[in-house]
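The structure presented is a predicted model; accordingly, all values stated were derived computationally and were not measured. Remember, it's 1-based here, ligands and their atoms both numbered in the order they're listed.
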Amino acid sequence: MTDPRPHPRPLLIDCDPGIDDAIALLLAFSMPEALEVTGITTVAGNVSLSSTSRNAMRVRGLAARPEVPVFAGCPRPMLAQPVFADDVHGVDGLGGVSLPGEPGGLAARHGVDALVEQTADRPGLAVVAVGPLTNLAVALVKRPEVARRIETLVVMGGGLAHGNITPAAEFNVFFDPEAARTVVEAGLRPVLVPLDATHGAPVTAAMIDELAACGEGVAPEAAALLRAYHANVGTDRPGAYVHDAMALAVLVWPELFERRPARLQVRTDAGPERGRTLADFASSEPNAEVVVGLDAPAFLARLFERLRGFPRSVPAGHPIPA
Ligand code: RIB
Ligand code: CA
């Protein structure tokens, strides 16, 4: 039976670039035959909203996709105080790496309104959310019908066995636990890509060196981003985790991932458990599917094949200052 979904599939990416967000954006841009990126909405997270928005435009420029609108969304969590991750992604959010190409400008519409409108205007829209869930939560509060209009929602977030920003909490959820809880409880049945999955596919220094040696297309810049990321997380670690690229891969290469239904809860109470994501795989009332396994070598091989084969926007040597 042919896939009834529209091809290429309409996709909105909600993100906080962030180096792994940038890799996810490049992966999405690398497959125009499969994905129509209808828009990018940005949110405060890894770094400030102004930086995540500028970074989304810089990656768009590298990919030479000026037609894809970037909509700036929420500048802060719903209730929490922002806790940025510039130690991991660099002060500018992209490891200080210069990217060629014209970044272009922001769309006038607020990211929350863009989310509401695109879910109304684009049947079959998929949303991949790889930053704090503030934009999506506010859109759901403003227009609850958004929950019925998103055909597929993939969320990078949560850590079942462990957190990364605290022992209990993963960064995207911890940054805005109230937003994460709003999304989990809205009946969207998201596919959750937690740290338990993303930590299974570290990008090693050898992979980064091989990508850099390729020299084709956006490979030099993608390698520079990943090298900066690996340096920031510690080169003594197995590698850099491309959390957000994995979330995108779950949408386009589902055959590489094992998912199980679960009932998710997000802790919003103050204290050391705040931001913890709980998954009950025995629940008779699941509200999500959780990625519990993957073919990591195949995922990484496909990701790097796409990054190596991606045409660059302008000749090398025309960097835009960080
Ligand atoms: O915990 C990892 C997640 O937090 C990724 O999306 C990363 O970009 C940061 O946003
Ligand atoms: Ca992110």
Side-chain angles (χ1 to χ4, degrees), residues 12-28 40-49 51-56 58-59 70 73-74 76-77 80 82-95 97 111 127-136 153-177 179-180 183 190-203 222 225-226 228-230 232-234 237 239-251 266 274-277 290-291 303:
L12 183 145
I13 302 172
D14 187 68
C15 56
D16 62 332
I19 292 174
D20 61 323
D21 305 69
I23 301 298
L25 290 172
L26 288 176
L27 179 59
I40 298 168
T41 50
T42 55
V43 68
N46 286 316
V47 288
S48 68
L49 176 66
S51 293
T52 59
S53 302
R54 180 167 183 267
N55 292 337
R58 291 170 66 203
V59 176
V70 175
C74 294
R76 54 148 298 156
V83 177
F84 299 120
D86 47 311
D87 55 326
V88 174
H89 297 272
V91 172
D92 73 330
L94 291 183
V97 174
V127 174
V128 171
V130 293
L133 290 165
T134 317
N135 288 339
L136 187 51
L153 172 64
V154 181
V155 171
M156 190 282 137
L160 307 185
H162 53 79
N164 56 359
I165 186 77
T166 73
E170 177 277 326
F171 178 83
N172 286 338
V173 174
F174 184 76
F175 191 91
D176 196 340
V183 170
V191 179
L192 186 79
V193 185
L195 296 175
D196 313 74
T198 64
H199 283 186
V203 169
L225 288 166
L226 289 166
Y229 190 28
H230 193 195
N232 288 344
V233 299
R237 308 281 289 277
Y241 299 118
V242 283
H243 310 281
D244 299 343
M246 186 179 290
L248 200 286
V250 167
L251 181 74
V266 174
R274 179 167 167 80
R276 181 186 289 277
T277 308
V290 178
V291 173
L303 170 62

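Asp16 and Thr52 form no side-chain donor-acceptor contact under 3.5 Å, judged by distance and modelled atom types alone.
Distance alone, capped at 3.5 Å, is enough to place a donor-acceptor pair between the Asp92 side chain and the Gly95 backbone.
For the Ca ion (ligand 2), the set of nearby N, O or S atoms under 3.0 Å includes one belonging to Val130. Residue side and main chain included, Asp20 places no N/O/S atom under 3.0 Å of the Ca ion (ligand 2).
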task: Take Val183 and Leu153, measure what side chain to side chain contact (heavy atoms under 4.5 Å, CB included) needs, and give me the verdict at the end.
output: CA-CA 10 Å; Val183 170; Leu153 172 64; 4.1 Å; yes

Report all N/O contacts between ligand 1 and the protein shorter than 3.5 Å as a table of atom names and distances to 0.1 Å; if there are none, say 'none'.
unit_1: ligand 1; atom_1: 1 (O); unit_2: Asn164; atom_2: ND2; d: 2.9
unit_1: ligand 1; atom_1: 1 (O); unit_2: Glu170; atom_2: OE2; d: 2.6
unit_1: ligand 1; atom_1: 4 (O); unit_2: Asn172; atom_2: OD1; d: 3.2
unit_1: ligand 1; atom_1: 6 (O); unit_2: Val130; atom_2: O; d: 2.8
unit_1: ligand 1; atom_1: 6 (O); unit_2: Asn172; atom_2: ND2; d: 3.0
unit_1: ligand 1; atom_1: 6 (O); unit_2: Asp244; atom_2: OD1; d: 2.6
unit_1: ligand 1; atom_1: 6 (O); unit_2: Asp244; atom_2: OD2; d: 3.1
unit_1: ligand 1; atom_1: 8 (O); unit_2: Asp20; atom_2: OD1; d: 2.5
unit_1: ligand 1; atom_1: 8 (O); unit_2: Asp20; atom_2: OD2; d: 3.3
unit_1: ligand 1; atom_1: 8 (O); unit_2: Asp21; atom_2: OD1; d: 2.9
unit_1: ligand 1; atom_1: 8 (O); unit_2: Asn46; atom_2: ND2; d: 3.0
unit_1: ligand 1; atom_1: 8 (O); unit_2: Asp244; atom_2: OD2; d: 3.1
unit_1: ligand 1; atom_1: 10 (O); unit_2: Asp16; atom_2: OD1; d: 3.2
unit_1: ligand 1; atom_1: 10 (O); unit_2: Asp16; atom_2: OD2; d: 3.0
unit_1: ligand 1; atom_1: 10 (O); unit_2: Asn46; atom_2: OD1; d: 3.4
unit_1: ligand 1; atom_1: 10 (O); unit_2: Asn46; atom_2: ND2; d: 3.3
unit_1: ligand 1; atom_1: 10 (O); unit_2: Asn172; atom_2: OD1; d: 2.8

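Aromatic ring pairs are classed by plane angle as parallel below 30°, tilted from 30° to 60° and perpendicular above 60°; the pair Phe175 and Phe84 is tilted.
Here the N, O or S atom of Asp244 that is nearest to the Ca ion (ligand 2) is OD2.
The only option from Val291, Val128, Asn172, Val242 that meets the side-chain contact (heavy atoms from CB on, under 4.5 Å) definition with Met156 turns out to be Asn172.
Here the closest heavy-atom approach between residue Leu26 and residue Ala222 is recorded as CD1-CB, 4.4 Å.
Taking the Ca ion (ligand 2) as the apex, the angle formed with OD1 of Asp21 and OD1 of Asp16 is 90°, to the nearest 10 degrees.
Side-chain contact between Val70 and Thr42 is present, with at least one heavy-atom pair separated by less than 4.5 Å. Taking the side chain as every heavy atom from C-beta outward, Leu195 and His162 approach each other to under 4.5 Å.
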